[in-house]
Asks: 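The structure under discussion is supplied below as C-alpha cells; questions concerning it will follow.
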Amino acid sequence: MTNLKSEFLQVLTERDFIHQATDLEALDAKMSEGPISAYIGFDCTARSLHVGSLVQIMMLRWLQKTGHKPIVLMGGGTSKIGDPSGRDESRQLMTDEIIEDNMAGIRTIFDQLLTFGDDASDAVMVNNGEWLDDLRYIPFLREIGPHFTINRMMTFDSVKLRLEREQPLTFLEFNYMILQAYDFMELAGRHNCVLQMGGSDQWGNIVNGMELARRKAGKHLFGLTTPLITTADGKKMGKTASGAIWLNEEQLPAYDFWQFWRNTQDADVGRFLRLFTEVPMDEIRRLEALGGSEINDAKVILANEVTKLCRGADAAKAAEATARETFIKGGAGADLPTVSIPAAALQAGFNVVDLFIEAGLGASKSEVRRLIKQGGAKLNDAKVESEDLVVSADALNDGQIKLSAGKKRHALVKAE
RNA sequence: GGAGGGGUUGGGGAGCGGUCAAACCCAUCAGACUGUAAAUCUGACGCUUCGGCUUCACAGGUUCGAAUCCUGUCCCCUCCA
C-alpha cells in the first residue's frame with residue numbers, strides 16, 4: 001500500500017476508497033504506465049441508483065479525471081437473474097420492460113457525473129444483455145462450465161451465507177456469479193478492460209472473473225473493492241425511515257437530497273467529504289477538524305458539493321438558499337415541498353389537522369393530533385395550540401402558509 | 001409419509017376465555033438539552049365524526065364474552081422416515 005505511483009490509486013488510497021485489491025503493486029505499475037479501462041457493473045433494480053452506489057460512481061469519476069477510461073456496465077442481462085450477494089431472499093424477477101425502464105432512469109445519473117464519448121478517456125456505457133441475452137445454453141456450459149467447480153462456488157460468501165442460514169438459493173441465482181465472471185472476461189476482450197471495481201460484496205464475483213479470464217484467455221486482470229459504507233453509529237448508509245436516498249431528482253427532490261447530507265453526523269463528515277466530494281484533501285482536513293457548532297459549516301459544504309455533483313450547481317444553490325431561509329432566518333424557502341389547495345376551500349376555513357395531512361406532514365388525523373398535542377406542529381412558525389383551529393385565508397403570508405412538523409419537516413400551502 | 005412446534009400491531013417478542021388496541025425491546029415520531037450533530041432524559045406510537053370502529057395467518061364454530069377453546073384451509077419451522 002505504500003508509495004503508489006499512479007495518480008488514481010493515490011487518490012483512492014488517500015480518500016479511503018479501497019477495501020481489498022488484488023495485486024495492487026502490479027496494478028499500480030500498469031496504471032502509471034498509461035491509461036487503462038476499468039468497469040463497474042450496476043444492476044437495473046430500480047429507476048434510480050441510491051447513495052449506496054455513489055461510492056462506485058465516484059470511483060469511475062476519479063478514474064476519468066486521472067486519465068483512464070471508465071466503463072459503465074449496465075446489467076441488462078444479469079438483472080434478469082438477480083444477484084444473491086448479501087441477501088437472504090431471492091429478488092423478485094423483473095420483466096424486460098421494467099429493466100429497460102430502470103436502465104433509462106439510471107443512465108441519467110451517469111450522464112450527470114461522467115463524460116461519455118469516443119475519446120480515449122471518455123466513458124462508455126455497455127449493456128451485458130448484448131452478450132448474455134443470446135447465449136446458447138450447451139455451448140456456454142461447455143465453454144465456461146469446466147472452469148468452475150461447485151466445491152469452490154460453495155465457498156463464496158454469497159452462496160455460503162445463504163446456505164448457512166438455511167435460506168433457499170435457487171439454481172437461477174447460483175448462476176449469477178458465473179455470468180458476472182463471464183462479463184469481466186467479455187469486457188476484457190471487447191474493450192480491453194483490465195480492472196473491475198465494486199462494493200465489498202462483489203469481491204467473490206470479481207475474483208471469479210479474473211480467474212476465468214486467466215484460464216480461458218491467459219489474461220491478468222485486476223480487482224478492487226470499496227468498503228461497505230456505514231454511518232458512525234453502524235447503520236447502513238442511505239437508508240432512512242422515509243426511504244432510500246435516491247440520486248435521481250425524480251425519486252428525491254434536490255432539497256431533501258441536500259438535507260440528507262446536511263444532517264450527517266459529526267463523526268461522518270470527514271469520511272463523507274473524502275468519498276463523496278472532490279474537495280481537496282487539505283481543505284477536508286481543515287473542515288473535519290472544526291469543533292463544536294463550526295462543524296456545521298463543513299456539513300453545508302458537504303451538502304453543497306454532493307448536490308452539485310449529482311443534481312447540478314443550480315439545484316445545490318437553490319437547496320442551500322432554502323435551507324438558509326428556513327433554518328437560519330426562520331422563514332420559508334422556495335424549495336420547500338409545496339401543495340396547492342383551492343382558494344375557495346381556504347376561504348371557507350380549513351381545519352389544521354386536515355391541512356397538515358394535505359401538506360403531507362401526517363398520514364392520519366391521529367398522527368397530526370398527536371403532533372399538535374406534543375407541541376411539534378407549527379403554522380407560520382407559531383405553535384398550533386388546538387386541533388380545532390380553523391385556518392382561513394388570512395393565515396396567508398405572501399400568498400402562502402408555512403407548516404412545520406417538528407424542527408426539520410416543513411411544507412408550504414398555497415391557495416389556487 | 002409420520003411426530004411435534006408455530007403464524008400477534010414496522011421488526012423482534014409476550015399474552016393463552018373477560019381487567020387486551022394487546023407487556024417489553026428495537027425502530028420511528030415529538031418535546032427538553034444543543035449546533036438542522038451525537039449521547040442523554042421525557043412523552044407518544046391502529047383508525048376515529050371521540051359515540052365508537054377495525055386488528056392478533058384465513059374461513060367457519062362454541063361462548064354472555066375469543067388473540068386466547070374447537071373445526072377446516074393456507075403458510076413456516078423442528079425431529080423421524
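Any value given below was found using the heavy atoms of this structure, including those in side chains, with hydrogens, waters and symmetry copies removed.
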Asks: Without placing hydrogens or testing angles, list every side-chain donor-acceptor pair under 3.5 Å for residues 387-397 of chain A, not counting sequence neighbours.
Replies:
unit_1: A:Glu387; atom_1: OE2; unit_2: A:Arg369; atom_2: NE; d: 3.2
unit_1: A:Ser392; atom_1: OG; unit_2: A:Asp394; atom_2: OD1; d: 2.7

Asks: Applying side chain to side chain donor-acceptor pair (under 3.5 Å) between A:Gln180 and each of A:Asp83, A:Asn208, A:Asn128, A:Asn205, report the one that passes.
Replies: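 Only match with A:Gln180 under side chain to side chain donor-acceptor pair (under 3.5 Å): A:Asn205.
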Asks: Sticking with atom P, work out how far B:G6 lies from B:G52, rounded to a whole angstrom.
Replies: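 Nearest-Å result for B:G6 against B:G52 at atom P: 36 Å.
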Asks: Go through the side-chain N and O atoms of A:His19 and A:Thr226 and say whether any donor and acceptor fall under 3.5 Å apart.
Replies: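 Result is no, nothing qualifies.
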Asks: Under a 3.5 Å cut-off for both distances, is B:U63 Watson-Crick or wobble paired, and to whom?
Replies: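 Matched B:U63 with nothing under the 3.5 Å cut-off.
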Asks: Taking atom P in both B:C53 and B:G7, what distance in whole Å separates the two?
Replies: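 Here B:C53 and B:G7 have their P atoms 28 Å from each other.
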Asks: Show every donor-acceptor pair shorter than 3.5 Å between a side-chain atom in residues 65-74 of chain A and any protein atom, with sequence neighbours excluded, or say none if there are none.
Replies:
unit_1: A:Lys65; atom_1: NZ; unit_2: A:Glu278; atom_2: OE1; d: 3.3
unit_1: A:Thr66; atom_1: OG1; unit_2: A:Trp62; atom_2: O; d: 2.8
unit_1: A:Thr66; atom_1: OG1; unit_2: A:Leu63; atom_2: O; d: 3.1
unit_1: A:His68; atom_1: ND1; unit_2: A:Ile36; atom_2: N; d: 2.9
unit_1: A:Lys69; atom_1: NZ; unit_2: A:Asp119; atom_2: O; d: 3.1
unit_1: A:Lys69; atom_1: NZ; unit_2: A:Asp122; atom_2: O; d: 2.8

Asks: Listed in order of residue number, which residues of residues 295-318 of chain A have a non-hydrogen atom at under 4.0 Å from RNA chain B?
Replies: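 When residues 295-318 of chain A is checked for heavy atoms under 4.0 Å from RNA chain B, the hits, listed by number, are A:Ile295, A:Asn296, A:Lys299.
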Asks: Expressed in whole Å, how much space separates the C1' atoms belonging to B:U68 and B:C20?
Replies: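 Result for the C1' pair: 11 Å, nearest Å.
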Asks: Give none if B:U28 has no partner; otherwise give the nucleotide forming a Watson-Crick or G-U wobble pair with it, both distances under 3.5 Å.
Replies: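 Its partner is B:A44.
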Asks: Restricting to nitrogen or oxygen on both sides, can you table the protein-nucleotides 49-52 of chain B pairs closer than 3.5 Å?
Replies:
unit_1: B:U49; atom_1: OP1; unit_2: A:Lys365; atom_2: NZ; d: 3.3
unit_1: B:U49; atom_1: OP2; unit_2: A:Arg369; atom_2: NH1; d: 3.1
unit_1: B:U49; atom_1: OP2; unit_2: A:Arg369; atom_2: NH2; d: 2.6
unit_1: B:C50; atom_1: N4; unit_2: A:Arg369; atom_2: NH1; d: 2.3

Asks: What integer number of Å spans the P atoms of B:U40 and B:C25?
Replies: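 My reading of the P atoms in B:U40 and B:C25 gives 14 Å.
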Asks: Write out a two-atom table: protein N or O, nucleotide N or O from nucleotides 41-45 of chain B, distance below 3.5 Å.
Replies:
unit_1: B:G43; atom_1: N2; unit_2: A:Gln374; atom_2: OE1; d: 3.1
unit_1: B:G43; atom_1: N2; unit_2: A:Gln374; atom_2: NE2; d: 3.1
unit_1: B:G43; atom_1: N3; unit_2: A:Gln374; atom_2: OE1; d: 3.2
unit_1: B:A44; atom_1: O4'; unit_2: A:Gln374; atom_2: OE1; d: 3.0
unit_1: B:A44; atom_1: O2'; unit_2: A:Arg370; atom_2: NE; d: 3.2

Asks: Hey, can you pull the residues of residues 270-290 of chain A with a non-hydrogen atom under 4.0 angstrom from RNA chain B?
Replies: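 Contacting residues: none.
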Asks: When the C1' atoms of B:G17 and B:C75 are compared, how many Å lie between them, rounded to an integer?
Replies: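 About 27 Å, rounded to a whole number of Å.
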Asks: Which part of the nucleic acid, if any, lies within reach of A:Trp258 when heavy atoms closer than 4.0 Å are counted: base, sugar-phosphate only, or nothing?
Replies: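 Base contact - A:Trp258 has a heavy atom under 4.0 Å of at least one base atom.
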Asks: Rounding to the closest angstrom, what is the interatomic distance between B:C74 and B:C47 at atom P?
Replies: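 Nearest-Å result for B:C74 against B:C47 at atom P: 34 Å.
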Asks: Would you measure the distance from the C1' atom in B:U63 across to the matching atom in B:C80 and give it in whole Å?
Replies: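 The answer is 39 Å between these two C1' atoms.
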Asks: On RNA chain B, nearest-nucleotide positions of A:Lys378 versus A:Ile357: which is more 5'?
Replies: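 Of the two residues, A:Lys378 wins.
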Asks: Pick the C1' atom in B:C56 and in B:G15, then give their distance to the nearest Å.
Replies: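 B:C56 and B:G15 have their C1' atoms separated by 10 Å.
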Asks: Scan every strand shown for a Watson-Crick or G-U wobble partner of B:C74, both distances under 3.5 Å, and answer none if you come up empty.
Replies: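 Paired with B:C74, as far as the under-3.5 Å criterion goes, is B:G7.
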Asks: Are OP1 or OP2 of B:A37 and a side-chain N or O of A:Lys408 less than 4.0 angstrom apart?
Replies: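 Checking B:A37 against A:Lys408, a side-chain N or O does come within under 4.0 Å of OP1 or OP2.
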Asks: Can you tell if the side chain of A:Ile341 reaches within under 4.5 Å of the side chain of A:Glu416, non-hydrogen atoms only?
Replies: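 Sidechains of A:Glu416 and A:Ile341: no contact.
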